[in-house]
Amino acid sequence: MNTSLILSIESSCDETSVALVKDGKTLLSNVVSSQIESHKRFGGVVPEVASRHHVERITYVIDDALSEAGVKMEDVDAVAVTQGPGLVGALLVGISAAKALAFAHQKPLIGVHHIAGHIYANELVEEMQFPLVCLVVSGGHTELVYMPEHGVFEVIGETRDDAAGEAYDKVARTLSLPYPGGPAIDRLAAVGEDTYNFPRVRLEPGSFDFSFSGLKSSVINAVHNAEQRGESVIPENLAASFQASVVEVLVEKAIRAVKEKRAKQLLVAGGVAANRGLRAALQDATAAEGIQLVIPPLDLCGDNAGMIGVAAHHAYVRGKRDTLAMNAVPGLSLEESMTV
């Protein structure tokens, strides 16, 4: 049984998304309702506001996804939903909707790990070749994940403090740039130069872990010290210097992980995978090393239900089923998430 038509729901943060995914490879629809404008004035996501928006939008987005795909619930084989990690209130809205659909239409229910979804977005670009290594870079996560086969995840490196995307947002706030900070920093970095020479934090020899808190503090201190001296910083150069430090460490550790694990592919996943500086550096480094690089298109880097549907397909064909007692797990472990 390798065929499926899955309705998938993603509501872990500030996007309400529903998709119809056929056989884990074809997006029949992938509707995303973003809340960025609502949270922009706060400089970040407000959990209560996000949850309320999900409640307001979820039924409309479900209807839109079914309509765009040209299918009915009777045609669907299973209902999938992000179980965690994420904002608990936001997760509960999606899970409640998924449970209602599964119960009303007597369909199997499948809970999916949010980061597993980001990783599986790559299958919409290129079929996975195992073993592989995936570099996950997003607002809440920075990890190196080793996959020997479908549905098996080994986290071999992770951030010890701020995630890369979180550091981008904090540096952007220091420069009075709009939320979300990643795209704004990326645009400035493209026209700036690495003149500040911020530290490259590599931690212990051989470690695949990351740390961006010290880098973030170095940037903030550079801005504050300049202000105290009555000097002005060059935002483009500061952004370029910050990004150069982040990208260099991410690329270096990802390439080393691929070599050490003898991986056939390097995948990239998460919202920061849309960063032009990171994409260019990874393309150069993998080309030089003869490594196959797979990166999702920009519209699949951010949170979306299509990626959840792809991950759910592989769980579905392995026989994974959840009960209506399934609950949101804000701190859900990736390594334990897809066991049957």
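Residues: numbered from 1 along the sequence shown.
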Any luck finding a side-chain donor-acceptor pair between His313 and Asn2 under 3.5 Å?
no

Return a table of donor-acceptor pairs under 3.5 angstrom between the side chains of residues 55-75 and protein atoms on other chains or two or more places apart.
unit_1 : atom_1 : unit_2 : atom_2 : d
Arg57  : NE     : Ser33  : OG     : 3.4
Asp75  : OD2    : Lys72  : N      : 2.9

Pro108 side chain near Lys320 side chain, heavy-atom distance below 4.5 Å
no

Checking Glu123 against Lys25 for the side chain to side chain contact (heavy atoms under 4.5 Å, CB included) test, could you report, in this order, the C-alpha distance in whole Å, the side-chain angles of both residues, the deciding distance, and whether it holds?
CA-CA 7 Å; Glu123 272 248 302; Lys25 294 185 180 301; 4.2 Å; yes

Side chains of Val45 and Cys13, heavy atoms from C-beta outward: is any pair under 4.5 Å?
yes

Would you kindly confirm whether Leu300 and Val31 end up in one hydrophobic cluster when ILVMFWY residues are joined by side chain heavy atoms under 4.5 Å apart?
no

Any side-chain heavy-atom pair of Ile9 and Thr82 under 4.5 Å:
no

Straight-line distance of Leu135 CG to Ile255 CD1, nearest 0.5 Å
9.5 Å

Would you say Gln35's side chain and His53's backbone share a donor-acceptor pair under 3.5 angstrom?
no

If you group Ile, Leu, Val, Met, Phe, Trp and Tyr by side-chain heavy-atom gaps below 4.5 Å, do Val112 and Ile6 land in one group?
yes

Sub-4.5 Å side-chain heavy-atom contact between Ile220 and Val171
no

Is any side-chain heavy atom of Val125 closer than 4.5 Å to one of Pro297?
yes

Taking atom CZ of Arg52 as the centre, does the number of heavy atoms from other residues, nucleotides or ligands within less than 6.0 Å exceed 12?
no

Should Val32 and Leu20 be counted in the same cluster of Ile, Leu, Val, Met, Phe, Trp and Tyr side chains packed under 4.5 Å apart?
no

Leu132-Val268 co-clustered via ILVMFWY side chain contacts under 4.5 Å
no

Atom pair CD1/OG of Ile115 and Ser333 - distance to nearest 0.5 Å
12.0 Å

Take Leu203 and Phe208 through the test side chain to side chain contact (heavy atoms under 4.5 Å, CB included) and record every step on the way to the result.
CA-CA 8 Å; Leu203 302 173; Phe208 289 122; over 6 Å; no

Does Lys261 make a cation-pi contact with Tyr146 (under 6.0 Å, within 45 degrees of the axis)?
yes

Any donor-acceptor N/O pair, Asp186 side chain to Gly182 backbone, under 3.5 Å:
no

Going by the side chain to side chain contact (heavy atoms under 4.5 Å, CB included) test, name the single residue among Leu267, Leu334, Thr142, Ile119 that passes it with Val136.
Ile119

Between Glu10 and Ser12, does any side-chain donor sit less than 3.5 Å from a side-chain acceptor?
yes

Angle class for the His150/Tyr120 ring planes (parallel below 30°, perpendicular above 60°, tilted otherwise)?
parallel

Does atom CG of Leu28 have more than 12 heavy-atom neighbours from other groups under 6.0 Å away?
yes

Looking at Glu289 and Arg256, is any side-chain nitrogen of the basic one under 4.0 Å from a carboxylate oxygen of the acidic one?
no

Look only at the side chain of Arg262 and the backbone of Glu260, and say whether a donor-acceptor pair between them is shorter than 3.5 Å.
no

In the structure I gave you, are the side-chain heavy atoms of Leu109 and Lys99 within less than 4.5 Å of one another anywhere?
yes

Side chains of His54 and Asp14 only: does a donor on one sit below 3.5 Å from an acceptor on the other?
no

Between atom NZ of Lys170 and atom NZ of Lys216, what is the distance when rounded to the nearest 0.5 Å?
4.0 Å

What I'd like to find out is whether the side chain of Ile185 reaches to under 4.5 Å of the side chain of Gln243, using heavy atoms alone.
yes

Pair Lys107 + Asp322: basic N to acidic O under 4.0 Å:
no

Does the plane of the ring in Tyr168 sit parallel, tilted or perpendicular to the ring in Phe242? Use 30° and 60° as the thresholds.
perpendicular

Nearest heavy-atom approach of Val81 to Met326 is CG1-CE, 3.5 Å

Do Gln265 and Asn122 pass the side chain to side chain donor-acceptor pair (under 3.5 Å) test, and can you show the C-alpha distance, the side-chain angles, and the key distance before you say yes or no?
CA-CA 11 Å; Gln265 291 175 322; Asn122 286 280; over 6 Å; no

Do any N or O atoms from the side chain of Thr286 and from the backbone of Gln292 form a donor-acceptor pair under 3.5 angstrom?
no

Would you check, one step at a time, whether the test side chain to side chain donor-acceptor pair (under 3.5 Å) holds for Ser4 with Asp77?
CA-CA 6 Å; Ser4 69; Asp77 293 310; 5.4 Å; no

Flag, side chain of Ser241 to backbone of Tyr196, donor-acceptor distance under 3.5 Å:
yes

Residues Met307, His114; criterion side chain to side chain contact (heavy atoms under 4.5 Å, CB included); working and verdict:
CA-CA 9 Å; Met307 67 186 195; His114 179 72; 3.6 Å; yes

I'd like to know whether Val223 forms a side chain to side chain contact (heavy atoms under 4.5 Å, CB included) with Leu175, so could you lay out the CA-CA distance, the side-chain angles of the two residues, the decisive distance to 0.1 Å, and finally the verdict.
CA-CA 8 Å; Val223 173; Leu175 292 175; 4.3 Å; yes

Side chains of Glu15 and Asn304: is there a donor and an acceptor less than 3.5 Å apart?
no

Cation-aromatic face contact Lys253/Phe210, 6.0 Å, 45 degrees:
yes

Should we say atom CZ of Arg229 is surrounded by more than 12 heavy atoms from elsewhere, each under 6.0 Å from it?
yes

How far apart are the closest heavy atoms of Gly181 and Ala172, and which atoms are they?
CA-CB, 3.4 Å

Would you name the heavy atoms of Val93 and Ser11 that are closest together and state the gap between them?
C-OG, 4.4 Å

Side-chain contact, heavy-atom cut-off 4.5 Å: Met147 with Glu154?
no

Separation between CG of Asn197 and OG1 of Thr195, rounded to the nearest 0.5 Å
7.5 Å

Would you compute the distance between atom SG of Cys301 and atom NE2 of His118 and round it to the nearest 0.5 angstrom?
9.0 Å

Going through the distances and angles, do Arg202 and Glu252 end up as a salt bridge (charged side-chain N to carboxylate O under 4.0 Å, His left out)?
CA-CA 9 Å; Arg202 293 180 172 85; Glu252 180 184 291; 2.9 Å; yes

For the CD atom on Gln129, are there more than 12 heavy atoms of other groups (residues, nucleotides or ligands in this structure) within a distance under 6.0 Å?
yes

For the residue pair Ala78 and Ile110, what are the closest heavy atoms and their distance?
CB-CD1, 4.1 Å

Restricting to non-hydrogen atoms, name the atom on Ser213 and the atom on Asp162 that form the minimum distance, rounded to 0.1 Å.
CA-OD2, 4.1 Å

Report yes or no: does Asp209 contribute a side-chain atom to a donor-acceptor pair with the main-chain N or O of Glu158 at less than 3.5 Å?
yes

Are Phe153 and Val137 joined in one hydrophobic group, where the rule is that I, L, V, M, F, W and Y side chains link up if heavy atoms are under 4.5 Å apart?
no

Output the distance between atom OG (Ser17) and atom CG (Asp303), rounded to the nearest 0.5 Å.
8.5 Å

Return yes if a side-chain donor-acceptor contact under 3.5 Å exists between Ser211 and Asp161, otherwise no.
yes

Contact summary for Asp23 and Thr3, nearest pair of heavy atoms
OD1-CA, 3.1 Å

